[in-house]
Asker: 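Below you will find the structure I want to go over with you.
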There are 2 protein chains.
Amino acid sequence: MNKSEVFDESLQELALFAKAVSHPARLAILKFLAESKTCISGDISDYLPLSRTTVSQHLKELKELGIIHGTIDGLKINYCLCNANITKYLVMFETFFKPIKEASVDCSIDSKS
Amino acid sequence: MNKSEVFDESLQELALFAKAVSHPARLAILKFLAESKTCISGDISDYLPLSRTTVSQHLKELKELGIIHGTIDGLKINYCLCNANITKYLVMFETFFKPIKEASVDCSIDSKS
DNA sequence: TACTAATGTCGCAAACATACGACATTGTGT
DNA sequence: ACACAATGTCGTATGTTTGCGACATTAGTA
């Protein structure tokens with residue numbers, strides 16, 4: 001039923017990035033990783049009000065997009081933000097939204113149709 | 001089951017924006033509106049490989065976030081991109097991701113765990 | 001007033017996302 | 001080898017998204 005594949009490759013890729021960052025928990029994870037620059041491991045689970053399992057799954061999604069990366073260090077795993085891919089997606093995002101923003105117009109303040 | 005509300009307001013709001021633009025069809029709609037600057041109505045449905053119903057729903061989602069706006073013109077409806085809200089969300093996005101990008105590091109090229 | 005056109009809303013089905021407990025895996029220390 | 005700790009994976013319940021046909025609404029038009 002999902003027709004996503006009929007759209008432009010670039011739209012699909014941007015949509016995947018947007019989807020990855022479309023959950024507060026994943027945004028919180030990114031923020032946490034940015035703040036604890038030492039790439040601290042899964043005390044992320046302690047920090048967030050979610051079970052370890054759930055956090056693990058959110059991490060997996062971010063990993064699969066390539067915007068974070070985990071390095072095994074004994075029993076622990078150090079996660080960090082992955083510059084190359086983050087930059088890639090941010091550039092993609094900006095490139096897409098620049099013309100959108102430029103083409104936008106003043107709407108009545110009370111929008112919503 | 002959805003625990004989104006336990007997170008920071010600002011994270012939730014950014015997540016809502018990301019969710020709104022996390023589908024290729026909605027990105028395609030935004031792009032179409034940017035290109036046909038005359039705020040053309042629902043030939044959007046003709047342009048996209050989706051049924052009118054489905055397009056209507058995607059439009060509704062974008063409308064509810066306030067990033068597009070529809071003006072009734074007889075039988076037709078002219079949609080346009082709503083500057084104030086688009087700018088608001090883009091600023092929010094950039095503010096969030098700037099420190100993320102700055103804190104990111106070089107990862108092995110073959111990322112994914 | 002009836003007909004048609006452009007659009008929105010409802011209700012459903014299939015797919016996907018979220019959250020979590022229970023289990024599996026892997027490394028560390030004894 | 002054994003127990004424990006940090007993590008990942010599986011199965012499953014529940015909620016949300018996507019897509020669409022059928023119906024409703026509203027505005028022009030004969």
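Every chain is numbered from 1, with letters handed out A, B, ... down the list of sequences.
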Asker: Is there a chain of hydrophobic side chains (I, L, V, M, F, W, Y, each step under 4.5 Å between heavy atoms) that links B:I67 to A:V105?
Answerer: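 The answer is no; the residues belong to distinct hydrophobic clusters.
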Asker: I want to check one thing: is the phosphate of D:dT7, taken as OP1 and OP2, less than 4.0 Å away from some side-chain N or O of A:K60?
Answerer: no
Asker: When you check the phosphate oxygens OP1 and OP2 of C:dG8, does a side-chain N or O of B:S56 lie under 4.0 Å from one of them?
Answerer: yes
Asker: Would you kindly give the CG-to-P distance between A:L48 and C:dA19, to the nearest whole Å?
Answerer: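 After rounding, the gap between these two atoms is 11 Å.
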Asker: Counting only side-chain N and O atoms of B:Y79, is one of them less than 4.0 Å from OP1 or OP2 of C:dG8?
Answerer: yes
Asker: If only side-chain N and O atoms of A:K19 are considered, is one of them under 4.0 Å from the OP1 or OP2 phosphate oxygen of D:dT17?
Answerer: no
Asker: To the nearest Å, give me how far apart CD1 (A:I29) and P (C:dT18) are.
Answerer: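 Answer to the nearest Å: 11 Å.
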Asker: In terms of side-chain heavy atoms of B:S51, which of D:dC20, C:dT26, C:dA19 is nearest?
Answerer: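 For B:S51, the side-chain atoms sit closest to D:dC20.
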Asker: Can you name the closest pair of heavy atoms from B:K63 and B:I68 and give their distance?
Answerer: N-CG1, 3.7 Å
Asker: Could I get the full list of salt bridge (Lys or Arg N to Asp or Glu O under 4.0 Å) partners for A:E94, not counting sequence neighbours?
Answerer: none
Asker: More 5' along DNA chain D: A:N2 or A:R52, using each one's nearest nucleotide?
Answerer: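 Result: A:R52.
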Asker: What closest approach, in Å, do A:K31 and B:F96 show between heavy atoms, and which atom pair accounts for it?
Answerer: CD-CE1, 4.1 Å
Asker: To the side chain of A:L75, which of D:dT18, D:dA5, C:dC20 is closest?
Answerer: D:dA5
Asker: For A:L65 and C:dA17, give me the distance from atom CG to atom P, rounded to whole Å.
Answerer: 12 Å
Asker: Quick one: on DNA chain C, does A:I72 or A:T54 contact a more 5' nucleotide (nearest heavy atom)?
Answerer: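 Going by which nucleotide is closer to the 5' end, it is A:T54.
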Asker: Does B:Q57 contact C:dG8 through a side-chain donor or acceptor facing the base, at a distance under 3.5 Å?
Answerer: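 Counting by modelled atom types and ignoring angles, no donor-acceptor contact under 3.5 Å is found here.
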Asker: Which listed nucleotide (C:dT7, D:dG19, D:dA27) is nearest to the side chain of B:K76?
Answerer: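 Nearest to the side-chain atoms of B:K76, counting from C-beta on, is C:dT7.
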Asker: Do B:T53 and B:S56 pair up side chain to side chain, a donor and an acceptor below 3.5 Å, judged on atom types alone?
Answerer: no
Asker: Between C1' on C:dA17 and NE2 on B:H23, what's the gap in Å once rounded to a whole number?
Answerer: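 Answer to the nearest Å: 14 Å.
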Asker: A:T53 or A:S4: which one's nearest nucleotide on DNA chain D is closer to the 5' end?
Answerer: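 Between the two, 5'-proximity favours A:T53.
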Asker: Measure CG/A:N78 against P/D:dA6 and give the value in whole Å, please.
Answerer: 14 Å
Asker: Which part of the nucleic acid, if any, lies within reach of A:L50 when heavy atoms closer than 4.0 Å are counted: base, sugar-phosphate only, or nothing?
Answerer: sugar-phosphate
Asker: How close do A:L27 and B:L11 get, heavy atom to heavy atom, and via which atoms?
Answerer: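 The answer is CD1-O, 3.4 Å.
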Asker: C:dT28 C1' sits how many Å from A:D73 CG, rounded?
Answerer: 12 Å
Asker: Is there a side-chain contact between B:H58 and the phosphate of D:dG19, meaning an N or O under 4.0 Å from OP1 or OP2?
Answerer: yes
Asker: Under 6.0 Å between the ring centres of A:F93 and A:F97?
Answerer: yes
Asker: Check each residue of residues 10-18 of chain B for a non-hydrogen atom within less than 4.0 Å of any atom in DNA chain C, then write out the ones that pass by number, or none.
Answerer: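 The answer is none.
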Asker: What is the distance, rounded to the nearest whole Å, between atom CG of B:L59 and atom C1' of C:dG8?
Answerer: 11 Å
Asker: Which heavy atom of A:A20 sits nearest to which heavy atom of A:L65, and what is that distance?
Answerer: CB-CD1, 3.5 Å
Asker: Expressed as a whole number of angstroms, how long is the span from A:E61:CD to D:dG8:C1'?
Answerer: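 Nearest whole value for this atom pair: 15 Å.
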